[in-house]
Amino acid sequence: MAHESTPHEQVGHVMSFRVLLAVWIALMFLTYVTVAATTFNLGEFNLMLAMGIATLKASLVLLFFMHLVYDRPFNAVIFICSLCFVMLFVILAMVDTAHYQNTLIPGYAPGMAPE
Amino acid sequence: MEAETTQSHTSSEHNPHLAHHFGSLTQQFDSGKLGMWLFLATEILLFGGLFCAYSVYRANHPEIFIYAHQYLSKFWGALNTCVLLFSSFTMAWGVRCAQLGRQRGLVVCLALTLLCGFVFLGVKYVEYKEKWQHGLLWGKYYSPVHHHDDSHEAASGEGPAPQEGHPAVASAVAQSMTPTVVLTTDAGVVVERSKILPAPTGPGGLASLSAGRESHGDEPRNVQLFFSVYFLMTGLHGVHVIVGLACIGWILRRAVRGDFGPGYFTPVDLVGLYWHLVDLIWIYLFPLLYLIH
C-alpha cells in the first residue's frame with residue numbers, strides 16, 4: 001500500500017472501494033424504488049414513503065460518502081443539531097399555519113379541512 | 001528519523017503540510033473537518049427556510065402542488081438524480097484515491113465528477129427553458145401558454161373577468177393600452193389578498209378578479225405559488241452546483257499539478273463534503289417537487 005512508504009502519519013479513514021460501490025448501487029436502487037412507488041396510490045402514505053426513502057438515501061450518503069461513521073462524533077452532533085433546528089422551525093410553522101390559515105380568508109386554502 | 005510521536009517538533013518541522021500552530025496532522029485534519037461541518041450546518045439552515053416555505057404552502061394548498069407537478073418531467077428529474085448520485089460516488093472514490101496517493105485515479109475521478117456536474121446543469125437548462133417557453137414562471141410572471149389557442153384569449157378574452165370585479169379595477173383595466181396591465185394588476189392583487197383581514201363579507205371585487213384564472217379547465221387558483229417555490233429551491237440548489245463545480249475545477253487543477261497525496265488531501269476531502277451536501281439536498285428536492293402524488 002502506498003501509505004506504508006510515506007513518512008507522514010495517515011490521517012482520516014480510507015473507505016474501501018467495495019463499500020463505496022455498494023452504497024452507490026443501493027442509492028440507485030432506492031431512486032428506482034421511489035420513482036416506482038409513485039405509480040401506486042397509497043394516499044397519505046405516498047409522501048411518507050417518499051420522505052422515508054429520501055432519508056434512507058441521505059443517511060447512506062452522510063454515513064459512507066461523507067465518512068460520518070468513521071469521523072469524530074462531534075461532526076455528527078453538529079449536523080444532527082442543524083437538522084433538529086430545521087425540523088423545529090418547520091413543525092412550529094406548520095402548527096401555526098394549521099391553526100388559522102383556513103379561517104383567514106374563506107376559501108383561500110380549500111385544501112385545508114375547516115376545524 | 002521520522003518519529004512516530006506526532007507531537008514531536010522535529011517531525012513537524014520536516015512536514016511541509018503541517019501548519020505550525022497545530023500539534024499534529026490529525027489535529028489539523030480534524031480542525032479542518034470541524035470547520036467544514038459547521039459550514040454545512042449553516043447550509044442546512046439556509047435551505048431549511050425554503051423547505052419550511054414549501055411545507056407551509058403544500059399544507060395550505062395541496063391542490064396546487066398536485067396540479068402543477070405534472071408540468072415537471074419525472075424523466076429529467078430522475079436522470080438528474082442518477083447523474084448527481086454517480087458524481088457523488090466518483091467524488092468519494094476520488095477522496096480515496098487521494099488518500100492512497102493514486103494520482104491518475106484522483107484526476108480521472110475529479111474529471112468525471114466535474115463532467116457529471118455539467119450534465120446536471122445541462123439537464124436543468126433544458127427543464128428551465130421548457131418552463132420559460134410555456135410561461136410557467138414564478139409570481140406575477142406566471143402566464144401559462146395553453147395549447148388550444150389561448151393567445152387570442154389572453155389578448156382579448158381576459159377583459160371580461162376583471163369587469164365583474166371592483167369598479168375601480170375594471171376602469172383601470174379599461175383605460176390600459178396593453179393586456180399585460182391586466183396581468184400585473186391581477187398578480188398584484190393576488191399577492192395582496194393574503195394580507196386582507198377577516199371580514200364578514202370578503203372583498204368580492206378582488207376575489208372575482210383572480211377567479212378569472214379559473215377559466216382554464218381544472219386549473220386551481222394561485223398555481224404560480226408552486227413555480228415560485230420550484231424556481232427558488234432548484235435555483236438555489238443550482239447556484240450550489242455551480243459553486244461546487246468551481247471548487248472541483250480548482251481541486252482538479254491542483255491534482256493535475258500533483259499537490260495531493262496521502263500526507264495532504266484535506267482540500268479534496270472538504271470539497272467532497274460540500275459536493276455530497278449538494279447531492280443530499282437534491283435527494284430531498286427530487287421527490288418533493290417531481291414525485292408529488
Side-chain angles (χ1 to χ4, degrees), chain A residues 1-3 6-12 14-17 20-21 23-24 27-28 31 34-35 37-38 41-42 46-47 50-51 53-54 57-58 61-62 64-67 71-72 74-75 78-79 81-83 85-86 89-90 93-94 97-98 101-112, chain B residues 2 4 6 14-15 17 24-26 29-30 33-34 37-38 40-42 44-45 48-49 51-52 55-56 59-63 74 78 81-82 85-86 88-89 91-93 95-96 99-102 193-194 196 198 202 261-263 265 269 272-273 276 279-280 283-284 286-288 291 293:
Chain A
M1 290 306 257
H3 55 267
T6 58
H8 314 300
E9 57 180 313
Q10 177 68 50
V11 291
V14 183
M15 291 296 302
S16 87
F17 180 73
L20 291 180
L21 190 66
V23 167
W24 179 63
L27 287 171
M28 295 302 281
T31 304
T34 195
V35 172
T38 55
N41 190 2
L42 306 169
N46 269 105
L47 179 64
M51 285 300 94
I53 292 173
K57 285 166 75 180
V61 170
L62 278 167
F64 297 104
F65 281 180
M66 298 172 91
H67 297 249
D71 250 6
R72 291 277 161 114
F74 193 63
N75 292 345
I78 291 171
F79 197 75
C81 277
S82 76
L83 288 181
F85 277 111
V86 166
F89 178 36
V90 172
M94 293 287 280
T97 190
Q101 189 63 56
N102 57 332
T103 61
L104 198 61
I105 301 170
Y108 178 64
M112 293 183 85
Chain B
E2 298 292 337
E4 291 298 313
T6 56
H14 286 274
N15 191 336
H17 299 305
S24 67
L25 273 179
T26 307
F29 179 72
D30 286 344
K33 275 210 142 177
L34 178 66
W37 279 102
L38 278 170
L40 295 187
T42 66
I44 293 294
L45 297 179
F51 279 105
C52 183
S55 309
V56 169
N60 282 308
H61 310 282
E63 76 284 352
K74 252 187 221 180
T81 307
C82 295
L85 288 177
F86 182 70
S88 249
F89 169 61
M91 190 73 226
W93 192 2
V95 171
R96 179 186 145 80
Q99 285 173 319
L100 297 177
R102 292 177 186 163
R193 286 190 69 238
S194 62
I196 297 168
F265 61 88
D269 204 19
L273 285 180
H276 294 313
D279 187 27
L280 214 63
I283 283 174
Y284 279 96
F286 173 56
L288 284 178
L291 303 178
H293 200 83

Partner chain B: residue of A:Ile53, A:Leu83, A:Ile78 with the largest heavy-atom pair count (under 4.5 Å)
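Looking at each of A:Ile53, A:Leu83, A:Ile78 in turn, A:Ile78 comes out on top.
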Closest-packed option against chain B by number of heavy-atom pairs under 4.5 Å, given A:Thr34, A:Val86, A:Asn75
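Looking at each of A:Thr34, A:Val86, A:Asn75 in turn, A:Asn75 comes out on top.
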For a side chain to side chain donor-acceptor pair (under 3.5 Å) check, start with the C-alpha distance between B:Ser88 and B:His276, then their side-chain angles and the critical distance, and finish with the verdict.
CA-CA 6 Å; B:Ser88 249; B:His276 294 313; 2.9 Å; yes
Please report the closest heavy-atom contact between [X] and [Y], naming both atoms and the distance.
{"X": "A:Ala93", "Y": "B:Val56", "answer": "CB-CG2, 4.0 Å"}
{"X": "B:Gly49", "Y": "A:Phe89", "answer": "CA-CE2, 3.6 Å"}
{"X": "A:Lys57", "Y": "B:Leu85", "answer": "CE-CD1, 4.3 Å"}

Let me know if [X] has heavy atoms under 4.5 Å from chain A in its side chain, its backbone, both or neither.
{"X": "B:Phe86", "result": "both"}
{"X": "B:Leu45", "result": "both"}
{"X": "B:Phe29", "result": "side chain"}

Contact origin within [X] toward chain B - heavy atom pairs under 4.5 Å:
{"X": "A:Met15", "result": "backbone"}
{"X": "A:Leu20", "result": "both"}
{"X": "A:Asp71", "result": "side chain"}
{"X": "A:Asn46", "result": "side chain"}

Counting heavy-atom pairs under 4.5 Å with chain A, which one of B:Cys82, B:Gly261, B:Ala78 comes out on top?
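So the answer, after comparing B:Cys82, B:Gly261, B:Ala78, is B:Cys82.
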How about A:Phe17: does its CZ atom have over 12 heavy atoms from other parts shown lying under 6.0 Å from it?
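Yes.
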Determine whether B:Lys74 and A:Thr38 satisfy the following criterion, side chain to side chain donor-acceptor pair (under 3.5 Å), listing intermediate values before the conclusion.
CA-CA 10 Å; B:Lys74 252 187 221 180; A:Thr38 55; 3.0 Å; yes
Do the side chains of B:Leu40 and B:Trp37 get nearer than 4.5 Å, heavy atoms only?
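Yes, their side chains come closer than 4.5 Å.
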